[in-house]
Amino acid sequence: MAVYKSDFLNVLNERGFIHQISDAEGLDAAAASGRLTAYVGYDATATSLHIGNLISVTMLYWFQQTGHRPIALMGGGTTMVGDPSGKDESRKLLTVETIRSNIQSIKTVFERFLTFGDGPGDAFMVNNADWLLDLNYVSFLRDYGRHFSVNRMLSFDSVKLRLDREQPLSFLEFNYMILQAYDFLELNRRHGCVLQMGGSDQWGNIVNGIDLGRRVDEASLYALTTPLLTTASGAKMGKTASGAVWLNADQFSPYDYWQFWRNTEDADVERFLKLFTRLPLSEIARLAALGGAEINEAKKVLATEACAILHGRAAADEAAETARKTFEEGRTSENLPTVEIPAAELAAGLGVLGAFVKAGLAASNSDVRRQVTAGGVKVNDAAVSDERAKLTPDDLVGGVIKLSLGKKKHVLIRPV
């Protein structure tokens, strides 16, 4: 393992954040000699960031903790274009009003990770709409377009993969990497920002910004990317049967978030403890050394610590206690995720297959049907063997019905 001069790169390296650095020696020397400013950009395509964004948000946290100044860049302008990276089709175009609303909703997550303020090391948030929406197209092309090689842009993964799969790439999307490169130049001019961080799929876009800064202003800029986040079994991290793992509590409850981390594969526990908790490496090594059934205790620590960072210690402890009551004592807890259904539906007889889909435990009736056959469907802790079974008011226990899929997924449905 490489040893760096700067605390920042040493921390990131020890915890497994580093995939590529454009000039590791230069960045290390700069980070060791004084306070740097770095940014990560986030497009506002939804009302919440998702768990795929968590690794870069956490990098901004460690950047600040090691004495530097982080910028969270909101893509009010670039969201209007759409990043083609990692996509086989064009992103849906959003209105200005929707983008603005999404940004307001997203902002709250960063306050859990970064210290904002007016001090020299305090984080701050900017919106690239402030400069992108006022650009004069012809002037921009003349001043900056000449610095971009189309031949080189076609070689970047974000473009090449789309073309190799014979999926259309619009001229609108092709401009995205130019706008992102200009963001880096603008942030360097406005705030002295010298480092852009992001996922490995952003490498080409970030390098474009480095080249633009060098050509236009002779600026020395750097890139740092993280590995693509996958589980030990090779699956892309962050998807569940009911959809994405969102970071806003109103879209993915603290209990569900805790449970997501509790379900971590054994082989991923140490890696995720390093990436997604703030525990000392010595404690992580101790937890990772646990064998057999004891590895579940390490998973509970991972779940509680990760949940506490995002949702607060009280919510994390409550989620852990809810899980303990549910799994270890076999009790129905009022703190389980609850889905409300019309009382009339229950009175008329609600099919068990449809109930599990409504509760978000499965994507379709056929998914539930397969689980019934496998013995993985329970209502009020009793196994369901008949896929045609219906839920009625007689199934209510304390005003709710507990639905369970497998051993770890539980939801209460409540008639209203």
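Residue numbers run from 1 in the order of the sequence given. All values derive from a computational prediction rather than experimental measurement.
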Can you tell if the side chain of [X] reaches within under 4.5 Å of the side chain of [Y], non-hydrogen atoms only?
X	Y	value
N102	T45	no
F148	N208	yes
H147	D211	no
V109	N248	yes
T277	I284	yes
L224	F63	no
L275	T226	no
E387	N365	no

List for me each residue that meets ring pair (Phe, Tyr, Trp, His ring centres under 6.0 Å) alongside [X], sequence neighbours excluded, and say none if there are none.
X	value
Y4	none
H191	F124
F113	none
Y39	F184

For the backbone of [Y] and the side chain of [X], can you confirm whether one donor and one acceptor N or O come within less than 3.5 Å of each other?
X	Y	value
T373	R369	yes
E270	A285	no
K300	A320	no
Q202	T225	no
T304	V301	no
H19	G16	no
H68	L36	yes
T264	K299	no
D317	A314	no
N127	G76	yes

Considering only residues two or more places apart or on different chains, which pairs with a residue in residues 292-313 satisfy ring-ring contact (aromatic ring centres under 6.0 Å, His included)? Y257-H311
Tell me which pairs pass ring-ring contact (aromatic ring centres under 6.0 Å, His included) where either residue lies in residues 266-310, with sequence neighbours left out. W261-F272, W261-F276, F272-F276
Which atom of [X] lies closest to which atom of [Y], heavy atoms considered:
X	Y	result
L350	A355	CD2-CB, 3.8 Å
L9	A24	CD1-O, 4.2 Å
A315	P254	CB-CB, 4.2 Å

Would you call E305 and R313 a salt bridge, taking side-chain N to carboxylate O under 4.0 Å as the test? yes
Side-chain donor-acceptor pair under 3.5 Å between [X] and [Y], yes or no?
X	Y	result
T78	D183	no
Q180	Q196	yes
S6	D28	yes

Using side chain to side chain contact (heavy atoms under 4.5 Å, CB included) as the criterion, list what pairs up with Q104, not counting sequence neighbours. K107
Supply the atom-to-atom distance [X] [atom1] to [Y] [atom2], rounded to the nearest 0.5 angstrom.
X	Y	atom1	atom2	result
Y42	M125	OH	CE	9.0 Å
L361	S404	CG	OG	8.0 Å
T58	L310	OG1	CG	9.5 Å
E318	E321	CD	CD	9.5 Å

Residues R278, Y61; criterion side-chain contact (heavy atoms from CB on, under 4.5 Å); working and verdict: CA-CA 10 Å; R278 299 166 187 173; Y61 166 81; 3.3 Å; yes
So, F252 versus F260, ring centres under 6.0 angstrom or not? no
With sequence neighbours excluded, what pairs up with N136 under the side-chain hydrogen bond (donor to acceptor under 3.5 Å, both in side chains) test? S139
Could you go step by step and tell me if W62 and L12 meet the side-chain contact (heavy atoms from CB on, under 4.5 Å) rule? CA-CA 8 Å; W62 287 116; L12 258 58; 3.9 Å; yes
Output all residues satisfying salt bridge (Lys or Arg N to Asp or Glu O under 4.0 Å) with [X], sequence neighbours left out; order by chain, then residue number.
X	value
D268	R271
E340	none
R35	none
K378	none

Show, in sequence, the C-alpha distance, side-chain angles and deciding distance for L287 and L279, and conclude whether the side-chain contact (heavy atoms from CB on, under 4.5 Å) test is met. CA-CA 10 Å; L287 291 168; L279 293 175; 4.1 Å; yes
Could you walk me through whether L247 and R112 pass the side-chain contact (heavy atoms from CB on, under 4.5 Å) test, one step at a time? CA-CA 11 Å; L247 301 187; R112 289 289 186 181; over 6 Å; no
